[in-house]
Student: 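My questions will all concern the structure given below.
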Amino acid sequence: MHAFGFQFANLSPVPAELGLADFGLELIRPKVNYSHVFPGGGHISMHRDLEDTVTSIGQYSKSDAETWRRLAGDFVEAKDDIARWMNSPPTPLADEVDNLVLRPGGMDEYRAGLQSVRSWSEEHFEREETRLFIGAWACHVGLSPDDVGGGHMAWLFASLLQDLGNRAVKGGMHHLPLALAGYLRSQGGEIRTDARVAKIQVENGRATGVRLTSGDDIHLTPRGVIASSVDPRQLIVDFLGEEHVGRNLVAKMRRYEWGDAYMVIYLALDAPVTYEAIATAEAGGYVHATPPSLEYLSRIYTECRSGQLPAHPFVVMMNDSTIDPSRAPAGKAVMKLLVHNVPYAVCGDATGKIDGRNWSDVKEPYADYLIDYLTKTYAPDLKSKILKRVVHSPVDIERLMVSAVHGTVTHGAMLPYQTGSMRPLPELAQYRAPIPNVYLCGSGSHPGPGITMAPGRNAAQVMLRDLSA
């Protein structure tokens, strides 16, 4: 519902393996992957062509431009290894450490993987504009400028977009699950919607089926499996429960960390917006809008994590119809404003202007405040072009999608102790639940959140090996 970019899925073999183009999947690759705009009219854009990106960065620093040329090249060299890492079950932690120790440059790689955005970007870039241009991508998985691992994530995100594009699914992201559904039906599969699971039924240590909230039962065949893409807490605590997985695992799952919440503002516009810094058509599908300051981003996380509505949150302005005109009538436009890092439970207000402590009371006034701020600072005609808006608070997001726990979108925070062979927990890291024919295949498993199609494919590999054993 809130997804837009087809990004890490560029490394997935699934579309080709399943022939999803035959079921309606069509991808658009814009000429501009994204732009970062700054107050006062400055900007840097990542173009499809690396040399154009180098030129854009070079407005601020020739040295930074050459550094990005090198870092983008590093991704190209490592791309096949990264794709294998994503599209395979995670390596056990002990083996991963041994491989790093034995591989030339492995410990430098280990260090880089743990650096924060601040540490990594200050090591590589001389200008704050460049640091924000690359570093803001860590925010897309909820990592602040000072969180461990943010530097590597920012490089991985940005360099992937440079090489493979910030693609979009024509007509909207829902056409991806519709294509997957089309393939499943072509193989004789059946899909039920509006049918929520209440409990996984277990007898003699194996799952025998599921009970729906309607009271209906769906029974498994003797060799049947259950593949769950809900968040891991819901699977372990609610659907299986202590009686089947044990008190210890339930206790560990209850302390699982979810990360920061999001808010989304959907806009129908009378015409595409114009930015102070750049022409709309040249801005790309994503526009990051911040001052050139890591401290600015850091303050947002401090406010959010203390329960305050951030005074000036990081808002990603998504120009859906700019790169996909089929999403709006001719001459009109649609846009999403993705508000990163807001508290699930509102305890205070850093804006000094919002009364109330419940999202039902504050979401519309906060949306008013944000639109006024964006109009004043980055897009002077934004407010005047709005025909209709719909605001989803973190509570709304959780209500619409139960697995978006606390209004998050990652099925668990991307922290070092919740990634790779630790995701979601070491006991569950190989996609297997304690019940032998129940499997995890969602974003709560390796490699994590986003439109990747990797957790499902990786889990399928494990299921097939188990079924053939």
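Residue indices begin at 1 and follow the sequence shown.
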Student: Rounded to the nearest 0.5 Å, what separation is found between the CG atom of Asp80 and the CH2 atom of Trp85?
Tutor: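 Asp80 atom CG to Trp85 atom CH2 measures 15.0 Å (nearest 0.5 Å).
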Student: Could you give the distance from CD (Glu398) to NE2 (His392), rounded to the nearest 0.5 Å?
Tutor: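 Separation between the atoms: 14.0 Å.
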Student: Sub-3.5 Å donor-acceptor pair from the side chain of Arg423 to the main-chain atoms of Ser443, do we have one?
Tutor: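 Between the backbone of Ser443 and the side chain of Arg423 there is a qualifying donor-acceptor contact (under 3.5 Å).
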Student: Salt bridge check: are Asp270 and Lys385 linked by an N-O gap of less than 4.0 Å?
Tutor: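 Salt bridge between Asp270 and Lys385, a charged N being under 4.0 Å from a carboxylate O: no.
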Student: Would you check if the side chain of Glu276 reaches a backbone N or O of Ala379 as a donor-acceptor pair within less than 3.5 Å?
Tutor: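 Not at all, since once roles are kept as given, no pair shorter than 3.5 Å links the two residues.
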Student: Taking only Lys NZ, Arg NE, NH1 and NH2, and the carboxylate oxygens of Asp or Glu, determine whether Asp381 and Lys376 approach each other closer than 4.0 Å.
Tutor: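 No, this pair does not count.
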Student: Strictly under 6.0 Å, is that where the ring centroids of Phe4 and Tyr286 end up?
Tutor: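 Yes, ring centres under 6.0 Å apart.
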Student: Decide whether Asn87 and Arg457 meet the rule of one side-chain donor and one side-chain acceptor closer than 3.5 Å.
Tutor: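 There is no such pair (donor and acceptor under 3.5 Å, judged by atom type) between the side chains of Asn87 and Arg457.
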Student: For Leu294, does its backbone N or O pair with a side-chain atom of Glu128 as donor and acceptor, under 3.5 Å?
Tutor: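 Such a contact is found between Glu128 side chain and Leu294 backbone.
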Student: Looking at Arg389 and Asp368, is any side-chain nitrogen of the basic one under 4.0 Å from a carboxylate oxygen of the acidic one?
Tutor: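 Salt bridge flag = yes for Arg389 with Asp368.
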Student: Please determine whether a side-chain nitrogen of the Lys or Arg among Glu123 and Arg111 lies less than 4.0 Å from a carboxylate oxygen of the Asp or Glu.
Tutor: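 Judged by the 4.0 Å cut-off on N to carboxylate O distance, Glu123 and Arg111 do form a salt bridge.
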Student: Got a salt bridge between Lys170 and Asp324, using NZ or NE/NH1/NH2 to carboxylate O under 4.0 Å?
Tutor: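 Looking at Lys170 and Asp324, the cut-off is not met.
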Student: Considering only NZ, NE, NH1 and NH2 on the basic side and carboxylate oxygens on the acidic side, decide whether Glu427 and Arg432 come within less than 4.0 Å.
Tutor: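 No salt bridge links Glu427 with Arg432.
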Student: side-chain contact (heavy atoms from CB on, under 4.5 Å) with Leu160: which of Phe8, Trp137, Trp155?
Tutor: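 Only one of Phe8, Trp137, Trp155 forms a side-chain contact (heavy atoms from CB on, under 4.5 Å) with Leu160, namely Phe8.
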Student: What do you reckon, are the aromatic ring centroids of Phe38 and His43 less than 6.0 Å apart?
Tutor: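 No, the ring centres sit 6.0 Å or more apart.
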Student: Check the pair Trp120, Ile134 against side chain to side chain contact (heavy atoms under 4.5 Å, CB included), reporting the backbone distance first and the verdict last.
Tutor: CA-CA 11 Å; Trp120 179 83; Ile134 304 300; 3.8 Å; yes
Student: Quick one: do the Tyr34 and Asn166 side chains pair a donor with an acceptor below 3.5 Å?
Tutor: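 Tyr34 vs Asn166: no donor-acceptor pair found between side chains.
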Student: Would you please indicate if the ring centroids of His140 and His288 are separated by under 6.0 Å?
Tutor: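 Close enough - the centres of the two rings lie under 6.0 Å apart.
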Student: Parallel, tilted or perpendicular: which fits the ring planes of Tyr373 and His312, with parallel below 30° and perpendicular above 60°?
Tutor: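 Correct class here is tilted.
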Student: Assess whether a salt bridge exists between Glu126 and Arg131, defined as any Lys/Arg side-chain N lying under 4.0 Å from an Asp/Glu carboxylate O.
Tutor: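 The answer is no: the pair does not qualify as a salt bridge.
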Student: From Thr419 OG1 over to Leu415 CG, what is the distance, rounded to the nearest 0.5 angstrom?
Tutor: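 Going from the OG1 atom of Thr419 to the CG atom of Leu415 covers 8.0 Å.
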Student: Do any N or O atoms from the side chain of Asp396 and from the backbone of Gly407 form a donor-acceptor pair under 3.5 angstrom?
Tutor: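 Judged by distance alone, no pair lies under 3.5 Å.
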Student: Assess whether a salt bridge exists between Asp349 and Arg357, defined as any Lys/Arg side-chain N lying under 4.0 Å from an Asp/Glu carboxylate O.
Tutor: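 Result for this pair is no, no salt bridge flagged.
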Student: Kindly compute the distance separating OG (Ser12) from CD1 (Ile451), expressed to the nearest 0.5 Å.
Tutor: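 Answer for the OG-CD1 pair, Ser12 versus Ile451, is 11.0 Å.
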Student: Determine, step by step, whether Trp68 and Thr53 satisfy the side chain to side chain contact (heavy atoms under 4.5 Å, CB included) criterion, reporting the C-alpha distance in whole Å, the side-chain angles of both residues, the deciding distance to 0.1 Å, and the verdict.
Tutor: CA-CA 9 Å; Trp68 179 244; Thr53 306; 3.9 Å; yes
Student: Any donor-acceptor pair under 3.5 Å linking the side chain of Asp372 with the backbone of Tyr369?
Tutor: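 No, the answer is negative, given that no donor and acceptor are paired below the 3.5 Å cut-off.
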Student: Sub-3.5 Å donor-acceptor pair from the side chain of Thr377 to the main-chain atoms of Pro39, do we have one?
Tutor: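 Absent.
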Student: Could you check whether Gln308 and Ser306, counting side-chain N and O atoms only, form a donor-acceptor pair closer than 3.5 Å?
Tutor: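 Yes, because at least one side-chain N or O of Ser306 sits under 3.5 Å from a partner of the opposite role on Gln308.
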Student: Output, in order, the C-alpha distance, side-chain angles, deciding distance and verdict of side chain to side chain contact (heavy atoms under 4.5 Å, CB included) for His340 and Val315.
Tutor: CA-CA 6 Å; His340 283 274; Val315 180; over 6 Å; no
